[in-house]
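Just so we're on the same page: letters track the sequence lines, and every chain starts at 1.
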Amino acid sequence: MAYWLLKSEPDVFGYQDLERVGKEPWNGVRNYQARNHLRAMQEGDLAFFYHSNSNPPGIAGICRIARSAYPDNLQFDPDSKYFDPKSTEDNPRWSMVDVVPVRPLPFLSLDTLRGLPELEDMPLLKKGTRLSVMPVTADEWQAILKHAGVEDADFLSAPAR
DNA sequence: GCCAACGTTGGC
DNA sequence: GCCAACGTTGGC
């Protein structure tokens, strides 16, 4: 199983919104590197839900990949700002996955994350990185959970939604 | 293939 | 709202 980090602006769609709706297609990603990460995701992978463009930014919860990559519906919708006229049904350019909530976390601000030496290699903390979907190593995952005071068993045994 | 112009991200 | 950093576009 792999670990990931997904950014979202809480003013648009935050972790609480994911809890409310129960399941969400992670559409609108229009960056090739981020898309490739989406395509590498497997059902059952876990991801941190990160709040960007907020005050303060940081990790708000954990979610699970409920469906691996399939074509992003918005690329075919002329009314969507994510419409891509160069994309075709036969050869879709953009992908999305479905995510479901697992549990909220005690909020871990970006500042707090910067203070954890185990995370110094995370793209999230590198200057100038804007990647909205990125892998998280097992060591980084564990370091973050440990700092949050959360044990694996607290959510790995949680019922699937 | 280069690179200037432009648009976007996202912390502050 | 500012702006640094980065990605994309398109003329040449």
Side-chain angles (χ1 to χ4, degrees), chain A residues 2-21 24-41 45-65 68-137 139-141 143-150:
Chain A
Y3 301 108
W4 308 93
L5 182 143
L6 297 170
K7 289 185 188 173
S8 184
E9 301 187 21
D11 288 350
V12 179
F13 189 84
Y15 181 77
Q16 299 310 318
D17 294 306
L18 182 59
E19 291 267 0
R20 182 171 45 78
V21 301
E24 181 74 1
W26 208 261
N27 51 23
V29 171
R30 294 293 179 270
N31 168 281
Y32 287 104
Q33 200 179 351
R35 181 206 67 180
N36 292 342
H37 290 317
L38 287 178
R39 290 182 176 179
M41 291 178 178
D45 285 356
L46 295 171
F48 288 124
F49 194 116
Y50 179 88
H51 284 177
S52 62
N53 251 316
S54 61
N55 190 16
I59 292 172
I62 294 173
C63 54
R64 178 185 287 114
I65 309 307
S68 58
Y70 61 109
D72 181 328
N73 55 317
L74 299 181
Q75 68 195 310
F76 305 122
D77 177 1
D79 295 328
S80 169
K81 72 171 183 173
Y82 296 112
F83 176 64
D84 186 344
K86 294 179 186 161
S87 193
T88 63
E89 302 266 358
D90 286 346
N91 189 18
R93 182 177 293 195
W94 306 110
S95 299
M96 62 183 179
V97 298
D98 287 349
V99 304
V100 295
V102 172
R103 57 159 291 163
L105 287 177
F107 189 77
L108 292 154
S109 71
L110 180 58
D111 244 19
T112 298
L113 297 174
R114 286 193 197 285
L116 304 185
E118 300 95 326
L119 306 184
E120 64 180 359
D121 291 333
M122 282 191 80
L124 180 72
L125 307 183
K126 297 255 169 86
K127 185 178 178 183
T129 300
R130 302 175 308 180
L131 194 58
S132 65
V133 181
M134 71 185 75
V136 174
T137 69
D139 286 348
E140 291 162 351
W141 183 268
I144 291 169
L145 285 190
K146 184 178 175 189
H147 195 81
V150 172

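- Within a 6.0 Å radius of NZ in A/K126, other residues, nucleotides and ligands contribute more than 12 heavy atoms.
- In terms of heavy-atom proximity, A/Y15 sits nearest to A/P101 at OH-CB, 3.5 Å.
- Using a 4.0 Å cut-off on heavy atoms, none of the residues of residues 111-122 of chain A approach DNA chain C.
- The ring pair (Phe, Tyr, Trp, His ring centres under 6.0 Å) check on A/F83 picks up nothing, with sequence neighbours excluded.
- Across all non-hydrogen atoms, the minimal contact from A/F76 to A/E89 is CE2-N, 3.6 Å.
- Looking at every heavy atom in both residues, A/L119 comes nearest to A/L125 through O-CD1, 3.4 Å.
- Applying a 4.0 Å cut-off to non-hydrogen atoms, none of the residues of residues 72-97 of chain A approaches DNA chain C.
- Without hydrogens or angle criteria, A/T129 side chain to A/L131 main chain gives no donor-acceptor distance under 3.5 Å.
- Nearest heavy atoms, A/D45 versus A/A2: OD1-N, 3.0 Å.
- The nearest pair of heavy atoms linking A/A143 to A/L116 is O-CD1, 4.4 Å.
- A/P57 pairs with exactly one of A/L110, A/D111, A/L124 by the side chain to side chain contact (heavy atoms under 4.5 Å, CB included) rule, that one being A/L110.
- Side-chain rings of A/W94 and A/Y32 approach one another, their centers coming within less than 6.0 Å.
- Taking all atoms of both residues into account, the shortest heavy-atom contact from A/L113 to A/I59 is CD1-CD1, 3.9 Å.
- Bounding nucleotides for the chain A contact on DNA chain C, 5' to 3', at a heavy-atom distance below 4.0 Å, are C/dA5 to C/dT8.
- In terms of position along DNA chain C, the nucleotide closest to A/N53 lies nearer the 5' end than the nucleotide closest to the other residue of the pair A/N53 and A/Q33.
- With sequence neighbours excluded, no residue forms a side chain to side chain contact (heavy atoms under 4.5 Å, CB included) with A/S68.
- Contacts between residues 126-133 of chain A and DNA chain C, defined by a heavy-atom separation below 4.0 Å, involve A/K127, A/G128, A/R130, listed by number.
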